[in-house]
Amino acid sequence: MSHDLLIAGAGAAGMFAALAAAHRGASVLLLERDLAGPSNLKVSGGLFPGAGTRMQAHAGVTDSAALFASDIHNKAAGVVDAEVLHAIAGQSAPCVHFLADEVGLQVSLLADLNAPGHSAPRLHATPGQSGRELHALLRAAVGQHPAITLLADAEVTELLVHTAPTARVTGARVRVAGALQAFASRAVLLATGGFAANPELLAQYIPEMKGALHIGAGANDGCAVRWGRALGAEVAFMQGYQGQGHVNPPEGRTRLGMALPPQGAFMVNRLGHRFVAEDIGPSELASHVLAQPGGVALEVFDERIHRFAMAQGPYREAFEAGKIVSASSAGELANRFNIPEREFVNSFQKHQQAVAAAHDPEFGRTRFGPALQSPFFGAWVTGALAHTQGGLRVDRRARVLRTDGSVIEGLYAAGGAAASVSGVGGAGYLPGNGLAQSFALARLAALDVSAQCAAPIAPPELRKSPPPA
């Protein structure tokens, strides 16, 4: 049986594309090699940007796709594909509305979360503000749609290509429960994630993160890059990645999330010294934390921040896992974490002075919350690699491009499989870029394939001859 769209990978991009295509009448075959396994979406905060949504309008927030694109462009220092950037920014609000109106999810704007690098509150979430929750909701919606066939224990091994009259991807060869099968489709979307679990590609493109704790999906082996290159595809922005500077060591199974520094949290190393402007983005923060003794830091905050963060899934999971400790005084907190008390108290007092003056002469922090008040809270954090941002170069319709700029017909990419808009290194990643790109390119691919389904090409014998001249 042939499908309109075959999707490799049932993560954020794959599930969104499946739903978007199915809601427009396309038949979808969604393949996943490990349905119960790890997922970049599951371990994320589950926050997705939308610029110009009705939720923002209701909250009195003025925003636009152009402003969002400008924020991304500035964070990436201009190292972006402008055409794809504007396509992604322009799809951000429609993607939010699609989840709310067509998929039926309860979506709200986090109006009180001022994420680093964003000119306006534009991050949205489901009620639990959790990637695990969003993953479960999308999985349930996929399972309920009659036009989507979700096939488990299904690993794509190669793409099927017809070369005449022109090269076109027409399906995939798939190992299903150990047996090889061939599946035909009008188009294929690669949504298999990036290459954060591929040591060779990491060593080649992102050597500074080769040994970092990897908290994303273990299946992110770069297979999409391999398949695409075999067809002459171009790769782009392979040095880009999302770091995460708030991960709890040693396992990295929980993290505090990015909301604490904007509320006033600060950090010290094992010696009790501050080392960074904590209000930088969570991605570039990772390398600063990794550079400290033991590759860890203590994140310090108070009960007000603790209560605020408890609304967010990642922080709740960290708290429930016992990663967060409280104390009645700064000195007691230092002792609880075996940090030199005098140095920590000195750093604490200097930070409080910087907050009062709204000026940080040591590290240049520019955003401060209220002064911290007892009781105080702390947790060890380390730097980690969440996922890579480079991949197959695509156009504004999510079609994969060759090195000469031509389109590989029938092949699309989204999520970690596609080149993103985060520049190079970890500093170019704007919070929310991962889901913004995953959802937007997934929707663009689904729209393109669905449009082809709505206007099928008639067999040659049924085509009308042109009128006589």
Side-chain angles (χ1 to χ4, degrees), residues 12 16 19-20 41 44-75 85-135 137-138 141 246 256-265 279-282 301 304-316 358 366-370 421 429-440 443:
F16 194 104
L19 290 165
L41 176 56
S44 78
L47 311 183
F48 42 94
T53 67
R54 67 169 182 271
M55 297 81 168
Q56 289 178 305
H58 185 264
V61 174
T62 300
D63 196 10
S64 67
L67 182 59
F68 184 24
S70 177
D71 287 345
I72 295 175
H73 183 276
N74 292 338
K75 194 70 170 68
L85 167 62
H86 287 282
I88 290 172
Q91 286 295 319
S92 63
C95 284
V96 171
H97 295 153
F98 171 75
L99 290 174
D101 299 339
E102 298 186 57
V103 181
L105 304 189
Q106 185 179 340
V107 176
S108 61
L109 171 71
L110 305 184
D112 295 330
L113 178 56
N114 297 312
H118 288 271
S119 296
R122 61 170 68 99
L123 294 178
H124 297 67
T126 50
Q129 299 180 29
S130 159
R132 195 175 302 279
E133 176 189 71
L134 180 56
H135 183 279
L137 292 171
L138 290 176
H246 303 279
L256 303 186
M258 67 176 176
L260 276 65
Q263 290 292 314
D279 59 340
I280 63 175
F301 46 104
R304 174 188 60 83
I305 298 175
H306 163 72
R307 292 184 181 278
F308 175 85
M310 281 296 284
Q312 294 152 12
Y315 182 89
R316 285 197 309 274
T366 59
R367 297 195 300 173
F368 305 90
V421 287
Y429 185 88
L430 187 71
N433 266 13
L435 285 182
Q437 186 261 43
S438 293
F439 288 171
R443 186 170 189 268

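Not measured: the values here are computed from a predicted model. Counting from 1, the numbers follow the sequence of the chain as shown.
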message = Does either side chain, that of Q129 or that of R316, offer a donor lying less than 3.5 Å from an acceptor on the other one?
response =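 Checked: Q129/R316 side chains show no N/O donor-acceptor pair below 3.5 Å.
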
task = Identify, with sequence neighbours excluded, every residue that meets side-chain contact (heavy atoms from CB on, under 4.5 Å) alongside T53.
result =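 side-chain contact (heavy atoms from CB on, under 4.5 Å) check on T53 returns M55, Q56, A93, V96, H97, H124.
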
Identify every side-chain donor-acceptor pair in residues 107-120 under 3.5 Å, counting partners at least two apart or on other chains, and give the distances.
| from | atom 1 | to | atom 2 | distance (Å) |
| --- | --- | --- | --- | --- |
| H118 | ND1 | R122 | NH1 | 2.9 |
| H118 | NE2 | P431 | O | 2.7 |
| S119 | OG | D71 | OD1 | 2.7 |
| S119 | OG | D71 | OD2 | 3.2 |

ask   = Is the closest side-chain heavy-atom distance between L105 and L138 below 4.5 Å?
value =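 Counting from C-beta outward, L105 and L138 do come under 4.5 Å.
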
request  = Kindly indicate whether the side chain of R443, heavy atoms from C-beta on, has any atom under 4.5 Å from the side chain of F16.
outcome  =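 Contact flag for R443/F16 side chains = yes.
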
What residues form a side chain to side chain donor-acceptor pair (under 3.5 Å) with [X], not counting sequence neighbours?
X    : value
H306 : Y315
R367 : none
Q106 : none

task = Please name all residues satisfying salt bridge (charged side-chain N to carboxylate O under 4.0 Å, His left out) with R54, sequence neighbours left out, ordered by chain then number.
result =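 Salt bridge (charged side-chain N to carboxylate O under 4.0 Å, His left out) check on R54 returns D101.
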
Taking all non-hydrogen atoms of both residues, which atom of [X] and which atom of [Y] are closest, and how far apart?
X    : Y    : result
F68  : A436 : CZ-CB, 4.2 Å
L99  : V103 : O-CB, 3.4 Å
F301 : A265 : CB-CB, 3.9 Å
A309 : L260 : CB-CD1, 3.8 Å

query = So, the side chain of Y429 versus the backbone of G434: is there a donor-acceptor pair under 3.5 Å, distance only?
reply =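 Checking the backbone N and O of G434 against the side chain of Y429, a donor-acceptor pair under 3.5 Å is found.
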
